[in-house]
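Here is the structure we will look at, set down as structure tokens.
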There are 2 protein chains.
Amino acid sequence: MTVLSPATAADRTGVSIDTLRYYEREGLIGPIRRSAGGRREYTEDDIFWIGLVTCFRDAGLGIADLREFVAILRSERSPQDRVAFLRERRAALEERVAALHRAMGVLDEKIAHYS
Amino acid sequence: MTVLSPATAADRTGVSIDTLRYYEREGLIGPIRRSAGGRREYTEDDIFWIGLVTCFRDAGLGIADLREFVAILRSERSPQDRVAFLRERRAALEERVAALHRAMGVLDEKIAHYS
DNA sequence: TCTTGACCTGGAGCGCGCTCCAGATCCGAG
DNA sequence: CTCGGATCTGGAGCGCGCTCCAGGTCAAGA
């Protein structure tokens, strides 16, 4: 099974090496397996997971939120608990969308005013 | 014409007094008129403008973005320039909405998986 | 073997957006 | 006139999310 060097992982995910290490320290990813010499070896699964993390980061979630998300998914919680947590997170994102829509409405108003 | 004290303005807008001063320093609002003694006197117009600013802040825009927004609206730019700027901002917000939708999609997938 | 460059760790530094503080001033109630 | 609460200013401090650095290790190529 092929593994990826830190540089390659960074390249593939669009996340800097420093940030990958940071995410690992913060418990958002990994722990990443190491080679005999102590270098990180990223698997495709790691890359996929990093993709999830960046997806949520891009959506504006904070590190603490992500950590909680990871903790829930890795925990032995019941499906019901997980679903409850996920729905709650979803609702928070919907509120963000609503805030965005409000701002876009203001913009539309201004645009209409100057058109 | 009635004016509002800093405390009242803070109360009305939900923005702390410190933050109102900060916004003023940064050029996002005001400059707010002062009383003979040097205290700020917020007008209803000021309150309205603060509402716009908080709307955009809630949508995740940064201070620099807001400053630019204010600068454009106050400048002597042509309506075309303003509309162009506003449309550009709107597109950026739409991209944020898209990022949010992507994250919500991931959440939905997980929810479906555990349901 | 030697060089070179990627990688390691721990910790410092940075920009953002506030938030708090000290010390002074203002002003309405008593 | 006095008192005390609200406000003023300039500047320090803080949490977040990286980003960078020093000093050392590892490993592939000449």
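The sequence lines fix the lettering, A, B, ..., with proteins before strands; numbering per chain opens at 1.
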Heavy-atom nearest nucleotide on DNA chain C for B:I63 versus B:G38: which residue maps closer to 5'?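 It is B:I63 whose nearest nucleotide is closer to the 5' end.
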Positive for side-chain contact (heavy atoms from CB on, under 4.5 Å) with A:Y42, one of A:T8, A:L20, A:V3, A:T2: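 Answer to the side-chain contact (heavy atoms from CB on, under 4.5 Å) test with A:Y42 among A:T8, A:L20, A:V3, A:T2: A:L20.
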Could you check B:P6 against A:T19 and say which one's nearest nucleotide on DNA chain D is further toward the 5' end?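 The residue closer to the strand's 5' end, by nearest nucleotide, is B:P6.
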Specify the residue among B:R39 and B:R25 whose closest nucleotide of DNA chain D lies further upstream toward the 5′ end.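 Looking at DNA chain D, the more 5' nearest nucleotide goes with B:R39.
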Is the shortest side-chain N/O distance from [X] to OP1 or OP2 of [N] below 4.0 Å?
{"X": "B:R40", "N": "D:dA6", "result": "no"}
{"X": "A:S5", "N": "C:dC7", "result": "yes"}
{"X": "A:Y23", "N": "D:dC18", "result": "yes"}

In whole angstroms, how far is the [atom2] atom of [N] from the [atom1] atom of [X]?
{"X": "A:E68", "N": "D:dC16", "atom1": "CD", "atom2": "C1'", "result": "17 Å"}
{"X": "B:L61", "N": "C:dC16", "atom1": "CG", "atom2": "C1'", "result": "14 Å"}
{"X": "B:I17", "N": "C:dC18", "atom1": "CD1", "atom2": "P", "result": "16 Å"}
{"X": "A:Y22", "N": "C:dT9", "atom1": "OH", "atom2": "C1'", "result": "17 Å"}
{"X": "A:D18", "N": "C:dC8", "atom1": "CG", "atom2": "C1'", "result": "11 Å"}
{"X": "A:I29", "N": "D:dG17", "atom1": "CD1", "atom2": "C1'", "result": "14 Å"}
{"X": "B:E24", "N": "D:dT7", "atom1": "CD", "atom2": "C1'", "result": "13 Å"}
{"X": "B:Y42", "N": "D:dC8", "atom1": "OH", "atom2": "C1'", "result": "11 Å"}

Around atom NE2 of A:H113, are there more than 12 heavy atoms from other residues, nucleotides or ligands closer than 6.0 Å?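 12 or below, so no.
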How is B:R21 classified with respect to the nucleic acid when contacts are heavy atoms under 4.0 Å: base, sugar-phosphate, or nothing?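 Base contact - B:R21 has a heavy atom under 4.0 Å of at least one base atom.
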Candidate nucleotides D:dC20, C:dC27, D:dT9, ranked by approach to the side chain of B:R34 - the nearest: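 Ranking D:dC20, C:dC27, D:dT9 by closest atom to the B:R34 side chain puts D:dT9 first.
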Where the side chain of A:A7 is concerned, which of C:dC7, C:dC21, C:dC8 is the nearest nucleotide?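 Closest nucleotide among those given: C:dC7.
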Under 3.5 Å: donor-acceptor pair, side chain of A:E26, backbone of A:I63: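 Pair absent, no side-chain N/O of A:E26 close to backbone of A:I63.
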State plainly whether the residues B:E95 and B:R102 are in salt-bridge range, i.e. N to O under 4.0 Å.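 Answer for the salt bridge query: yes.
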For A:L100 and B:A59, work out which heavy atoms get closest and say how close.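 That would be CD1-O, 3.3 Å.
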